[in-house]
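Here the structure is laid out as structure tokens; the discussion comes afterwards.
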Amino acid sequence: MENQATEVTINQTKLRTIQGDITQQTTEAIVNAANSSLMGGGGVDGAIHRAGGPAILEECKQIVARRGRLPTGEAVITTSGNLKAKYVIHTVGPVWHGGGKGESELLTSAYQESLKLAAENKLSSISFPSISTGVYGYPVSQAAKVATGAVITFLRQSTTSIKEVVFVLFDAKTFATYSSALRETAAKMGLNLA
Ligand code: APR
């Protein structure tokens, strides 16, 4: 049970967990756990730029030239180059400093600003990685609670074009943690599992 992919429906939007590589997803957008420079990096950021090719970095450079570095908790949208998804939404999660530096609010904002951008662009589906839990050091169990709560709260508050939201977790442990967090958060918020 602990390891099972989980799905809940909120306001006609399906929210689920899968284990996999986000660069292979066919949702209309995938989210990148970027940094404020938008110049690429390691982890999922490196994987997305490698798989998508130089068009993504080109557009990121133009965005930074226009509006400067991307603050933590905000999001921007670019083309996806060679990826199957049409768009990449780049957001910046918080670096973990022990939990007393507004980390959960900033992580909530990273998820919700990404969803807002997807809705503004009338997108129907979006995939998220586990933002901040790699290089940025956010403990996975705490991040999973924040992430599932942030997405469910957003979907509950507004009816949007978004019909599918997927958490794409790279490793088995992160997948299991998000799956059980989604079940717990859904139960707390009175939602039925699929
Ligand atoms: N698909 C899905 N998830 C992935 C993939 C992939 N291809 N590659 C890595 N991940 C997972 C990691 O295993 C981790 O669970 O993404 C999660 C987030 O880890 P990071 O990519 O390290 O992201 P984050 O902690 O937000 O740190 C951001 O890292 O690479 C730099 O430029 C990036 O400076 C920024 C920082």
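Ligands are counted one by one from 1 in listed order, and the atoms in each one are counted from 1 as well.
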List the atom of Ser132, the atom of Leu107, and the distance in Å for their closest heavy-atom pair. OG-CD1, 4.0 Å
Can you name the atoms of ligand 1, numbered from 1 with element, that are less than 4.0 Å from a heavy atom of Thr133? 14 (C), 15 (O), 25 (O)
Identify, for atom 18 (C) of ligand 1, the protein heavy atom at the shortest distance, and state residue, atom and that distance. Ser130 O, 3.1 Å
What is the closest protein heavy atom to atom 7 (N) of ligand 1, and at what distance does it sit? Asp21 OD1, 2.8 Å
Do Ile162 and Leu123 pass the side-chain contact (heavy atoms from CB on, under 4.5 Å) test, and can you show the C-alpha distance, the side-chain angles, and the key distance before you say yes or no? CA-CA 6 Å; Ile162 306 168; Leu123 306 188; 5.5 Å; no
Classify the ring geometry between Tyr111 and Phe167 as parallel (under 30°), tilted (30 to 60°) or perpendicular (over 60°). perpendicular
Tell me which one of Val92, Val135, Asp171 gets a heavy atom nearest to atom 29 (O) of ligand 1. Val135
What protein heavy atom lies closest to atom 25 (O) of ligand 1? Include the residue and the distance to one decimal. Gly134 N, 2.8 Å
Counting each atom of ligand 1 from 1 as listed, which ones have a heavy atom of Asn35 under 4.0 Å away? 32 (O), 33 (C), 34 (O), 35 (C)
Heavy-atom pair with the smallest gap, counting every atom of Ser37 and Asn35: OG-OD1, 2.6 Å
Tell me which one of Thr78, Ile22, Ile48 satisfies side chain to side chain contact (heavy atoms under 4.5 Å, CB included) with Asn32. Ile48
Less than 3.5 Å between some nitrogen or oxygen of Tyr136 and one of ligand 1, yes or no? yes
Working note: Glu164 + Lys14, criterion salt bridge (Lys or Arg N to Asp or Glu O under 4.0 Å); need CA distance, chi angles, decisive distance, verdict. CA-CA 5 Å; Glu164 187 189 8; Lys14 285 191 190 318; over 6 Å; no
Mind listing the side-chain donor-acceptor pairs of residues 59-72 below 3.5 Å, one per line with the distance, residues two or more places apart or on another chain?
| from | atom 1 | to | atom 2 | distance (Å) |
| --- | --- | --- | --- | --- |
| Glu59 | OE1 | Thr79 | N | 3.0 |
| Arg67 | NH2 | Glu74 | OE1 | 3.0 |

Who's the nearest protein heavy-atom neighbour of atom 31 (C) of ligand 1, and how far? Gly42 N, 3.7 Å
Top protein contact for atom 1 (N) of ligand 1, by heavy-atom distance: Ile22 N, 2.9 Å
Using atom types as modelled and distance alone, determine if a side-chain donor or acceptor of Glu103 lies under 3.5 Å from a backbone N or O of Gly99. yes
For Gln24, which residues count as a side chain to side chain donor-acceptor pair (under 3.5 Å) partner, sequence neighbours excluded? Lys84
Going by the atom numbers of ligand 1, which of them fall below 4.0 Å from some non-hydrogen atom of Ala33? 23 (O), 26 (O), 28 (C), 33 (C)
On a heavy-atom basis, I'd like to know which of Ile131, Val44, Asp45 is closest to atom 33 (C) of ligand 1. Asp45
Considering only non-hydrogen protein atoms, determine which one is nearest to atom 11 (C) of ligand 1 and report residue, atom name and distance to 0.1 Å. Phe170 CB, 4.0 Å
Could any protein non-hydrogen atom be found less than 4.0 Å from atom 36 (C) of ligand 1? yes
among protein heavy atoms, the one nearest atom 26 (O) of ligand 1 is Ser132 N, 2.8 Å
